[in-house]
Amino acid sequence: MKKIILSSVLLSLLPLQIMADKIQILSAVKKDKTISGAEVILQKAGQTSRVSHSKSNGEATFNGFGNNNDSTLIIKKSGYSTLVAQCPCDGLTYALSPNMKNLDGMRAVLTWGRNPSDLDSHLSFRNNHIYFNAKKGTQAHLDVDDTTSYGPETITIVKKKQGQKYLYSVHDYTHNSTPNSSSLRKSGATVRVYIGQTLVRTYKANPRKVGNVWVVFGIDKNGAFKEINSYTGTTHSSDGVGKIMDDILASGEFNSQSVVSSAQKEEARELNEVGERYYHQKKYERAMYKFQEAINLYPEYGQAYSNSGLTFQRLHRDAEALWANRKAIERASGSRANTIKASSYYNIAKVYESQGKWEEALENYQNALSNKSHNAYRKGIKRMEKKLNDRR
């Protein structure tokens with residue numbers, strides 16, 4: 001039985017309802033650790049941005065600005081990934097993720113509202129089920145387990161194992177015996193996924209779905225993210241969640257239940273075009289954010305992934321470039337599919353080569369050549385074979 005612990009520390013971290021427009025900033029990887037000195041920016045179209053900084057207790061305050069649906073919250077601090085979120089934001093907790101150095105690492109950070117009190121993160125892959133009762137696995141672990149509302153609850157993959165599939169889910173532990181509970185959908189649960197130093201994906205619980213298990217996303221054998229967003233239920237607590245996830249992993253395919261409207265696709269295309277304009281103006285960070293917005297609206301938008309890959313390379317964000325290029329490969333279609341795949345594999349190979357990972361670079365140069373004949377790919381193969389021979 002999982003214990004729910006209340007403490008005076010927790011009470012000091014709960015959002016205050018008396019004062020408006022106050023948020024709390026915590027570490028995503030250390031329990032109840034507040035973050036001071038973070039720059040907090042609130043933006044609203046047609047108005048001058050407002051800037052504040054978090055205090056020693058992690059709180060940042062604005063007056064009458066942060067509760068609008070059309071406001072954007074940006075939180076920055078050196079050594080942490082920049083967090084971007086849409087308001088309303090008054091009274092909420094935000095968790096900053098420290099930058100990750102491993103090329104094949106990933107972090108999922110779950111936050112939610114006051115109710116239910118206990119949501120749990122679950123990660124499953126071969127011979128591993130990581131959650132509150134099994135916090136450490138193979139190159140992956142649960143950093144923070146929260147049982148008293150708001151989060152964060154964080155799982156980190158230190159290094160993804162090649163050729164393995166991963167699955168991430170959220171379980172409403174408070175209502176673990178009520179498979180048709182509506183509490184999870186009303187929780188405001190948000191999962192933010194970080195790679196390298198970048199927030200690459202944001203998932204929000206669907207307010208129209210029921211169930212005490214939210215299967216959020218998967219990662220396929222090639223390292224590409226797969227949208228799932230399905231809802232189901234169990235009466236067998238955490239063991240039931242593990243069974244659901246094992247069945248999905250064994251099925252061989254990740255089937256998405258996300259529905260993207262034509263209006264969302266059109267908005268995503270418009271955001272992508274704005275990003276492209278920023279890219280050609282060499283405003284790469286602004287371009288990056290627009291491409292990310294487009295992807296969050298339309299998660300299977302291949303052109304936005306391809307553009308993200310190029311932009312991440314310009315920003316020297318290697319881990320993020322790997323992620324975007326892998327998704328571009330997975331989404332490649334039509335007459336240019338082989339060309340897109342070849343160039344994306346080549347980009348991946350160059351990242352691994354720059355990091356001295358000769359085996360990984362060789363494999364990706366070979367994949368590039370298998371999709372399209374090009375002298376650059378052959379030269380890359382020869383360089384990596386020589387590096388590996390010299391090392392022996």
Side-chain angles (χ1 to χ4, degrees), residues 69-70 72 84-88 108-113 119 121-124 165-172 175 179-193 199-220 222 224-234 241 244-245 247-249 251-275 289-308 323-324 326-334 337:
N69 290 324
D70 54 354
T72 300
V84 180
Q86 294 302 120
C87 291
V109 181
L110 167 67
T111 55
W112 65 100
L119 295 184
S121 294
H122 289 254
L123 179 73
S124 286
K165 296 186 296 181
Y166 291 70
L167 191 64
Y168 175 88
S169 298
V170 174
H171 178 221
D172 179 0
H175 300 91
N180 293 320
S181 172
S182 61
S183 186
L184 178 54
R185 74 177 184 180
K186 297 175 181 178
S187 67
T190 301
V191 176
R192 293 181 172 91
V193 181
L199 170 62
V200 297
R201 287 290 284 113
T202 301
Y203 300 90
K204 294 182 178 294
N206 190 326
R208 294 181 294 276
K209 299 290 186 178
V210 297
N212 60 7
V213 179
W214 173 25
V215 184
V216 185
F217 66 86
I219 306 174
D220 70 15
N222 297 315
F225 273 76
K226 306 290 286 189
E227 302 297 311
I228 300 178
N229 264 325
S230 67
Y231 291 76
T232 186
T234 180
V241 180
I244 290 168
M245 297 173 76
D247 288 346
I248 295 173
L249 288 169
S251 70
E253 294 294 333
F254 293 132
N255 296 315
S256 174
Q257 293 188 16
S258 295
V259 177
V260 182
S261 68
S262 56
Q264 286 175 304
K265 291 181 179 179
E266 182 58 32
E267 186 179 352
R269 292 188 183 100
E270 291 173 358
L271 287 165
N272 183 69
E273 289 177 1
V274 173
Y289 287 128
K290 291 302 176 183
F291 296 141
Q292 294 302 95
E293 286 183 56
I295 288 168
N296 281 324
L297 272 175
Y298 182 11
E300 298 301 315
Y301 191 7
Q303 186 61 57
Y305 284 106
S306 180
N307 288 340
S308 289
W323 166 78
R326 284 168 177 155
K327 190 63 179 181
I329 291 167
E330 191 257 325
R331 294 300 302 157
S333 61

For the residue pair His122 and His171, does the interplanar ring angle fall in the parallel (under 30°), tilted (30 to 60°) or perpendicular (over 60°) class?
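Geometry flag for His171 against His122: perpendicular rings.
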Should the pair Tyr305 and Trp323 be assigned to parallel (<30°), tilted (30 to 60°) or perpendicular (>60°) ring geometry?
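Rings of Tyr305 and Trp323: perpendicular, over 60°.
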For [Y], is there any backbone N or O sitting under 3.5 Å from a side-chain donor or acceptor partner on [X]?
X: Lys165; Y: Leu249; result: yes
X: Asn229; Y: Ser256; result: no
X: Arg331; Y: Glu300; result: yes
X: Ser306; Y: Gln303; result: no
X: Tyr231; Y: Arg185; result: no
X: Asn222; Y: Ala224; result: no

For a 4.5 angstrom cut-off between non-hydrogen side-chain atoms, does [X] reach [Y]?
X: Phe254; Y: Leu167; result: yes
X: Asn272; Y: Phe291; result: yes
X: Val193; Y: Val200; result: yes
X: Val260; Y: Leu297; result: no
X: Ile244; Y: Ser169; result: no

Write down the atom of [X], the atom of [Y], and the distance for their closest heavy-atom approach.
X: Ala268; Y: Tyr298; answer: CB-CB, 3.7 Å
X: Ala294; Y: Tyr301; answer: CB-CD2, 4.3 Å
X: Ala337; Y: Ala332; answer: O-CB, 3.8 Å

Taking it one step at a time, do Lys327 and Glu227 satisfy salt bridge (Lys or Arg N to Asp or Glu O under 4.0 Å)?
CA-CA 11 Å; Lys327 190 63 179 181; Glu227 302 297 311; 5.7 Å; no
Apply the side chain to side chain contact (heavy atoms under 4.5 Å, CB included) test between Asn212 and each candidate in Asp172, Leu184, Asn180; give the one that qualifies.
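Only one of Asp172, Leu184, Asn180 forms a side chain to side chain contact (heavy atoms under 4.5 Å, CB included) with Asn212, namely Asp172.
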With a 3.5 Å cut-off and no angle check, do the side chains of Asn296 and Gln292 form a donor-acceptor pair?
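Side chains of Asn296 and Gln292: no pair found under 3.5 Å.
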